[in-house]
2 protein chains.
Amino acid sequence: MKVNTPTTTALYSIEQAIKAYRRLCNKNISKIIEDITVDQALILIILNDNSSLTQMQIGDLVFKDYASITRILNLMEKKGYINKGINNKDKRRSLLEITTKGKETLTILSPTIQLNRNTALKNITEDELNQLYTILNKITNNCNQ
Amino acid sequence: MKVNTPTTTALYSIEQAIKAYRRLCNKNISKIIEDITVDQALILIILNDNSSLTQMQIGDLVFKDYASITRILNLMEKKGYINKGINNKDKRRSLLEITTKGKETLTILSPTIQLNRNTALKNITEDELNQLYTILNKITNNCNQ
DNA sequence: TACATTTATTTGATATATCAAATAAATGAA
DNA sequence: TTCATTTATTTGATATATCAAATAAATGTA
């Protein structure tokens, strides 16, 4: 395969890393809580830390299409992790809040989420993390021009 | 949002970068060829450069589940980009080959694929690419332990 | 050879990704 | 106020992701 130039391997390795990380997260999370996905857990964290976010804001935070957010939130409501009402100040918007079950789930998952991050970043220095962050941001900006 | 430690931002930025890159690729590719996706184009490149790969090998190369490979290849065959026969040496395996249409498509797409890579990596030095590659590989290995 | 095990691919079920179009509420301008 | 435009969310259609289970061919072993 002719994919061994720095250009191609770098982009290739991004895909590889994120998939390995997601697999790890999914595996460890589903060991603890059966019916929640990594994406749903992340949204739960966001809803727990921030009040009165719109679905669009959530989508922007997690880099997901608004259509995906609609569907993910519907599933999360069906499973009792969140409540979805209507914002009376602006009836186009929904009013999202985490339920008690959602908060409890976060408490239970919290060590696993931390473990996943630590596992992924084992033996990587803070310097390297900053480099990584800087370079990836350049790529993101380049792509979003 | 409390996601501003180096640990979290780094992992977060991987997701962000790969999504931005995929969006860019999809947008530019679909401008040229209507009915092909980035994933399909990548598999086409691989099939063009390598003969007699199994579906599992392709899956390993592009970090995809074998079930996904089955479905993607079926779509690609339906659209005439590849032929899928049976390997008579081992009848469990399929015999994959790129069609003339597939090769022509690659020729047409080749400049766009190169442009996408160059766009994404504009103003990033080879040193940085190597750093990126090294760090991401560490993450991948950490996750796959 | 006969049977258990392994390997390659497929299928089913469910979740997410993406684009386009639809819906409905809010806003701006005449 | 009225109508066009913008904004937030939803829906439809199709592609991909993921796990588990099914299928069928190949291989190993008694």
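Any value given below was found using the heavy atoms of this structure, including those in side chains, with hydrogens, waters and symmetry copies removed. Letters A, B, ... are given to chains in the order of the sequence lines, protein chains preceding strands, and every chain is numbered from 1.
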Report yes if at least one side-chain N or O of [X] is closer than 4.0 Å to OP1 or OP2 of [N]; otherwise report no.
X: B/Gln57; N: C/dA8; result: no
X: B/Ser68; N: D/dT16; result: no
X: A/Thr37; N: C/dT16; result: yes
X: A/Lys84; N: D/dT10; result: yes

Length of the line joining [X]:[atom1] and [N]:[atom2], which is rounded to integer Å:
X: B/Asp35; N: D/dA13; atom1: CG; atom2: C1'; answer: 16 Å
X: B/Arg93; N: D/dA26; atom1: CZ; atom2: C1'; answer: 10 Å
X: B/Arg71; N: D/dA17; atom1: CZ; atom2: C1'; answer: 9 Å
X: B/Lys64; N: C/dT16; atom1: NZ; atom2: C1'; answer: 13 Å
X: B/Lys89; N: C/dT9; atom1: NZ; atom2: C1'; answer: 20 Å
X: B/Asp60; N: C/dT7; atom1: CG; atom2: P; answer: 13 Å
X: A/Lys19; N: C/dA15; atom1: NZ; atom2: C1'; answer: 15 Å
X: B/Asp65; N: C/dT16; atom1: CG; atom2: C1'; answer: 14 Å

Starting the side chain at C-beta, find the nucleotide from [options] nearest to [X].
X: A/Thr54; options: C/dT9, D/dT9, D/dA26; value: D/dT9
X: A/Met56; options: C/dT18, D/dT9, C/dT16; value: D/dT9
X: A/Gln55; options: C/dT11, D/dT10, D/dT11; value: D/dT10
X: A/Lys91; options: D/dA26, C/dA25, D/dT11; value: C/dA25

With distance as the sole criterion, is a donor-acceptor pair present between the side chains of [X] and [Y] under 3.5 Å?
X: B/Asn144; Y: A/Tyr21; answer: no
X: B/Lys138; Y: B/Asn141; answer: no
X: A/Gln145; Y: B/Lys122; answer: no

With a non-hydrogen cut-off below 4.0 angstrom, is [X] in contact with a base, only sugar-phosphate, or nothing?
X: B/Asn26; answer: nothing
X: B/Ile69; answer: nothing
X: B/Ser94; answer: sugar-phosphate

Main chain of [Y], side chain of [X]: is a donor-acceptor contact present, judged purely on distance under 3.5 Å?
X: B/Thr134; Y: B/Asn130; value: yes
X: B/Thr99; Y: B/Gly80; value: yes
X: B/Lys19; Y: B/Ile14; value: no

ask   = If you pin B/Leu75 and B/Arg92 to their nearest nucleotides in DNA chain D, which one's is more 5'?
value =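 Its nucleotide being nearer the 5' end, the pick is B/Leu75.
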
message = Both B/Arg23 and A/Lys79 contact DNA chain C. Taking the nearest nucleotide for each, which residue is further toward the 5' end?
response =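 Checking each residue's closest nucleotide, the 5'-ward one belongs to A/Lys79.
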
query = If pairing requires Watson-Crick or G-U wobble contacts with both distances under 3.5 Å, which nucleotide is the partner of D/dT18?
reply =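 Here D/dT18 is engaged in a pair, and the nucleotide opposite it is C/dA13.
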
